[in-house]
Amino acid sequence: MTSAPRILLTGANGQVGWELRRTLACLGEVVALDSKAMNLADADAVRRKVREIAPAIIVNPAAYTAVDKAEGEPELAHTVNAIAPGVLAEEAGRQGALLVHYSTDYVFNGSGETPWSEDDACDPLNVYGATKLAGERAIQASGCRHLIFRTSWVYGARGSNFLLTMRRLMRERPELKIVADQIGAPTWCRDLAEATAQVLGQLVSPLCSLKTDEPWGIYHMTNAGETSWHGFAEAIQALDEFDETCAPAHLLPIPSSDYPTPATRPLNSRLNNDRLEQTFGLRLQDWRAALALCLGE
Ligand SMILES: NC(=O)c1ccc[n+]([C@@H]2O[C@H](COP(=O)([O-])OP(=O)(O)OC[C@H]3O[C@@H](n4cnc5c(N)ncnc54)[C@H](OP(=O)(O)O)[C@@H]3O)[C@@H](O)[C@H]2O)c1
């Protein structure tokens, strides 16, 4: 009988990392590290820690995720999002471990209206997207066994995200102007963590029914369906419970051009999830169903 694999989890207090603590626990022994326990900006410390823990699987949801701030801190964003994944990949390769990493729809330039496939050309519009793309490439160049899950518009019950910001603002302001020309899929961090565990379960199970021996590479992984930030806000308002004395905030749709930010965002953030379904038989639930479950908590 083989023993349960040791799984090194980074960013354990982040949105996705927090959920992964639970979903990975049934697959092996999870060593969950926050940024204090392993600072991804310190390559030597990362190497030391990975060698000390000697995991069979490294799951890396940690990232520099402050999209606008990254425009003014490109070096730090590059160190955390590009150099560190490269170091984790080198160490994974050295130890024969599998690296699971997360990336973003922001690797694309947002043109057109067709959902992006994994093989479409990348052309990030902002520093964050460029550093995440560099991270993907560093992992691919290392030659280690890896899975890179590109996702979009992540939210959950904790952390910093659109859902929590909207819930607060809808109670504070009579009117909110919300961008309506960026289209994508809001994705519940819990669904990402569940799907990650299901994929890993297929890989570590002796009863694995995978159709390929070499599933390594990039996969798009988002909740199904699509909407705009304005549509997402409308759904939050419809599903959320408000005090009866509180008049619903008016949600005014605006174009991105009326809401300038330091980082330019892609208009088309749709990601085609077919490869995930074809390889692992997985499709995440519709974003509205996920939102209802998240708000139901
Ligand atoms: N959020 C989104 O909308 C979105 C969209 C597409 C893709 N993604 C990708 O999905 C993944 C998970 O995102 P998320 O929303 O869960 O992110 P998150 O909630 O912002 O969490 C990021 C985590 O990274 C950790 N971190 C940051 N700098 C670090 C450092 N120098 N050393 C070690 N840890 C560090 C943070 O630790 P501390 O809390 O200790 O600082 C935090 O726990 C990331 O790869 C992200 O790029 C996210």
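Heavy atoms only: backbone and side chains are in, while hydrogens, waters and symmetry mates are out. For clarity, every value in this text was computed on a predicted model and none was experimentally measured.
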### Message
When you compare the side chain of Glu194 with that of Glu19, does any pair of heavy atoms fall below 4.5 Å?
### Response
no

#### Entry: Close side-chain approach of Phe149 and Val100, heavy atoms under 4.5 Å
yes

#### Entry: salt bridge (charged side-chain N to carboxylate O under 4.0 Å, His left out) evaluation trace for Asp42 with Arg47
CA-CA 9 Å; Asp42 181 346; Arg47 283 187 202 285; over 6 Å; no

### Task
From the options Val59, Thr196, Ile7, Ile57, select the one residue that forms a side-chain contact (heavy atoms from CB on, under 4.5 Å) with Leu27.
Ile7

### Query
Looking at side-chain heavy atoms only, is the closest gap between Val127 and Glu73 below 4.5 Å?
no

### Query
Should Val204 and Leu98 be regarded as members of a common hydrophobic cluster, given that ILVMFWY residues are connected when their side-chain heavy atoms come within less than 4.5 Å of each other, either directly or indirectly?
yes

#### Entry: Any donor-acceptor N or O pair under 3.5 Å, side chains His101, Asn60
yes

### Message
I'd like to check Ile218 versus Ser103 (side-chain heavy atoms, cut-off strictly below 4.5 Å). Are they in contact?
### Response
no

### Query
Side-chain contact, heavy-atom cut-off 4.5 Å: Val154 with Asn161?
no

### Query
In terms of side-chain heavy atoms, does Asp119 have a donor or acceptor partner in Ser117 at a distance below 3.5 Å?
no

### Task
Dump the intermediate steps for side chain to side chain donor-acceptor pair (under 3.5 Å) on Gln182 and Ser256, then the final yes or no.
CA-CA 7 Å; Gln182 293 171 25; Ser256 302; 3.1 Å; yes

### Task
Kindly say whether the aromatic ring centers of Phe162 and Trp229 come within a distance under 6.0 Å.
yes

### Query
Got a salt bridge between Arg167 and Asp240, using NZ or NE/NH1/NH2 to carboxylate O under 4.0 Å?
yes

#### Entry: Sub-4.5 Å side-chain heavy-atom contact between Val179 and Phe232
no

### Joint hydrophobic cluster, Ile139 plus Leu8, side-chain heavy atoms closer than 4.5 Å
yes

### Message
Quick check: do Asp191 and Leu293 have side-chain heavy atoms less than 4.5 Å from each other?
### Response
no

### Task
Report yes if some heavy atom in the side chain of Phe108 is under 4.5 Å from a heavy atom in the side chain of Cys122; otherwise report no.
yes

### Message
Does either side chain, that of Asn81 or that of Thr131, offer a donor lying less than 3.5 Å from an acceptor on the other one?
### Response
yes

### Message
Here's a test for you: under side-chain contact (heavy atoms from CB on, under 4.5 Å), which of Leu282, Thr279, Ile148 qualifies with Tyr219?
### Response
Thr279

### Query
If you look at every heavy atom in Ala89 and Ser142, which pair is closest and at what distance?
CB-OG, 3.3 Å

